[in-house]
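Residue numbers run from 1 in the order of the sequence given. Values below: all heavy atoms of this structure, side chains included; hydrogens, waters and symmetry mates excluded. Because the structure is a prediction, the values reported are computed rather than measured.
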Amino acid sequence: MSAGKLKVKFSNEVDSGLRHRLLSEIQKATYINDNGNVSWSDHDIEQYIAVLNDAYTFPEELSRRERGEAVWTGIFNARKKDKLTDNSVIEEIQRFSDGKLAEPTRHFSMWSRLSYRPATSQRDKKFSYGDVNLRLCANLPRYMRIREEDLFYLTPIKTKDKSGFGFLIATTHARNETHAADKMFDASDMFQAMYNLALKPWNIIGSEQRPETTLQMGPYHFLYRERQSLLDKSKWYYNQNFRDEYWNSTSSESQKIFNVAPKIKSALVKLESHPLKKSLSSVLLMMNDGMEAANMSQRTLRYWTALERLFQDHNEKTTYKKIIQRATYLDDPADLARAKLHRLMRIRNKYIHMGIADNEHHQLTQYLAEHIKTHLFYLLFNGDDFKEHSEFIDMTDLPSDPESLQRRRRAIERRERMIEKRRHRDD
């Protein structure tokens with residue numbers, strides 16, 4: 001491997017025995033064709049490589065899609081040259097990674113339609129997340145405009161554009177299109193999730209057959225490198241989540257969007273440097289998945305996963321009862337709040353384990369969403385003194401009544417004195 005470079009390593013997710021077996025199966029099922037490329041007829045090859053994506057760890061500087069590309073390319077480059085072994089494959093993966101990380105950065109940009117109607121008198125609203133700049137606007141720069149004849153041939157979504165609605169523009173510097181797409185889409189997803197949760201009202205009427213989002217992304221995303229369109233080259237230009245039938249049901253007037261813009265801008269800045277960023281980001285994205293769902297059972301499933309992520313430490317294995325106790329540590333009376341969450345837990349479990357859907361719990365899902373929203377935004381703006389997620393969990397595990405907390409405090413103080421003086425009293 002190259003000396004001094006950021007290293008690709010073997011992970012603990014796939015043990016060496018399985019890794020060797022998969023490489024051996026790929027070796028046997030592939031051959032070098034007349035063009036010098038790797039060919040195969042066994043479609044299990046794609047499955048083997050998908051599993052091997054978990055067999056390596058990468059430098060953080062390499063983006064998510066680049067890592068998948070590194071594994072795929074590394075395996076086939078090693079197969080062209082020699083027998084597939086741990087050394088030959090990781091050498092090629094490292095070579096690919098080194099090449100990607102050595103590329104100079106260039107300016108990339110992207111635009112998407114957003115489901116709000118801008119007022120012509122309103123100025124653009126600017127945001128940032130990490131090193132991605134985001135802008136809500138009514139009009140596109142000249143270099144971003146797409147001709148109608150170019151839109152006509154876009155596939156696979158029948159709806160090509162949503163004229164009359166606003167735009168979200170993302171810009172950043174990245175090494176290549178893959179790196180840029182990961183950065184801009186991740187920032188746009190977080191922006192959308194933050195807006196949708198901040199603006200989510202308690203839905204009294206019901207939303208069993210439509211999403212609860214305020215902002216949806218349009219049918220296509222358009223990428224540019226150094227102000228030159230990548231329409232003919234891009235692999236990520238359509239929005240897999242777009243549903244035309246839901247667009248008008250969730251669109252919003254711009255004043256509502258612009259009024260909350262300062263809060264969203266501040267929240268994104270807070271999140272970027274927050275010690276609980278990983279947990280809070282996961283909760284935000286799960287909540288947005290739930291809000292985008294038109295199916296009540298799917299929405300409940302996503303909201304419940306967000307609750308687990310908020311009140312369960314990473315990789316911790318704990319019971320539903322414990323999670324519910326933590327989630328209701330501020331509720332008074334706690335028994336009613338816990339009864340609501342236990343009911344939702346049973347609905348969620350029936351759906352997951354037996355495929356039984358229950359659509360008579362709309363108001364309980366509204367309660368759950370509001371419960372998560374309250375705790376999440378409190379932690380975002382007030383919880384930056386927690387060094388890690390487990391510190392927040394420790395706080396929620398403490399008793400709720402003052403008398404029990406006083407006993408716990410006295411016990412801790414006595415324990416500290418015993419450690420220091422081998423005596424629990426000061427006298």
Side-chain angles (χ1 to χ4, degrees), residues 43 46-47 49-50 53 63-69 71-72 108-116 129 132 134 144 146 150-163 165-170 172 174 176-197 200 207 209-224 229-252 281-303 305-306:
H43 292 293
E46 288 93 333
Q47 299 178 40
I49 295 176
N53 271 276
S63 74
R64 184 177 64 255
R65 288 185 179 89
E66 286 179 310
R67 296 174 191 186
E69 191 178 354
V71 174
W72 185 275
F108 287 86
S109 52
M110 176 189 78
W111 69 265
S112 308
R113 285 286 189 181
L114 211 57
S115 58
Y116 80 99
Y129 184 68
V132 177
L134 300 160
M144 285 187 160
I146 304 291
D150 291 330
L151 291 174
F152 179 79
Y153 293 103
L154 294 179
T155 58
I157 301 176
K158 183 177 180 181
T159 301
K160 309 304 179 185
D161 192 20
K162 282 293 183 180
S163 60
F165 288 87
F167 300 96
L168 176 66
I169 296 176
T172 193
N176 52 64
E177 183 186 354
T178 306
H179 185 211
D182 277 342
K183 291 173 65 175
M184 292 190 292
F185 284 138
D186 287 350
S188 299
D189 287 346
M190 196 57 63
F191 169 87
Q192 184 187 10
M194 192 78 77
Y195 244 115
N196 282 332
L197 188 58
K200 185 190 180 309
S207 60
Q209 303 301 325
R210 63 181 179 85
E212 292 189 324
T213 49
T214 298
L215 291 179
Q216 294 188 65
M217 293 289 184
Y220 288 93
H221 309 293
F222 300 95
L223 275 67
Y224 302 79
S229 175
L230 296 174
L231 184 60
D232 296 333
K233 305 178 182 67
S234 177
K235 294 178 288 187
W236 305 287
Y237 64 86
Y238 76 96
N239 178 8
Q240 299 179 41
N241 296 322
F242 176 79
R243 297 293 181 270
D244 202 9
E245 63 269 30
Y246 300 136
W247 182 265
N248 288 323
S249 68
T250 62
S251 61
S252 178
S281 297
S282 177
V283 174
L284 278 162
L285 294 175
M286 275 295 164
M287 288 301 294
N288 199 63
D289 276 353
M291 287 182 283
E292 286 185 331
N295 178 283
M296 179 66 70
S297 296
Q298 292 176 5
R299 180 175 303 145
T300 303
L301 175 60
R302 292 296 185 267
Y303 287 176
T305 303

Test item: L223 and Y237 side chains (from C-beta on) under 4.5 Å apart, heavy atoms: no
Distance, nearest 0.5 Å, that separates CG of L284 from CE of M286: 12.0 Å
Over all atoms of both residues, closest heavy-atom pair of A193 and M291: O-CE, 4.5 Å
Heavy-atom side-chain proximity of K183 to S63 below 4.5 angstrom: no
Ring geometry between F191 and Y195 (parallel below 30°, tilted from 30 to 60°, perpendicular above 60°): perpendicular
Distance (rounded to the nearest 0.5 Å) between N239 CG and T159 OG1: 11.5 Å
Close side-chain approach of L154 to F222, heavy-atom, < 4.5 Å: yes
Donor-acceptor pair between S112 and H221 side chains, under 3.5 angstrom: yes
Expected output: side-chain D289 to main-chain R302 donor-acceptor under 3.5 Å: no
Heavy-atom pair of closest approach, residues D244 and K162: OD1-NZ, 2.6 Å
Close side-chain approach of F242 and R113, heavy atoms under 4.5 Å: no
R299 backbone acceptor or donor facing E212 side chain under 3.5 Å: no
Atom CD of Q240: over 12 foreign heavy atoms under 6.0 Å: no
Heavy-atom donor-acceptor pair, Y224 side chain to M144 backbone, under 3.5 Å: yes
Minimum-distance pair of heavy atoms, taken over all atoms of R67 and N53: O-OD1, 4.3 Å
Heavy-atom closest pair, residues A170 and S188: CB-OG, 4.2 Å
Pairwise distance CD1(I169) to CG(L114) - rounded to 0.5 angstrom: 11.5 Å
Side-chain heavy atoms of L168 within contact of M217, under 4.5 Å: yes
4.5 Å side-chain heavy-atom contact, N288 and D189: no
Sub-4.5 Å side-chain heavy-atom contact between F185 and M110: yes
Heavy-atom pair with the smallest gap, counting every atom of T178 and E69: OG1-OE1, 3.9 Å
P156 to Y220 - nearest heavy-atom pair and separation: N-OH, 3.7 Å
Euclidean distance, Y246 OH relative to E292 CD, rounded to 0.5 Å: 11.5 Å
Straight-line distance of M287 CE to T305 OG1, nearest 0.5 Å: 11.0 Å
Side-chain heavy atoms of M190 within contact of L285, under 4.5 Å: yes
Any donor-acceptor N/O pair, N196 side chain to T213 backbone, under 3.5 Å: no
Donor-acceptor pair, side chain of K160 and main chain of I157, under 3.5 angstrom: yes
Pair D186 + R64, salt bridge at N-O below 4.0 Å: yes
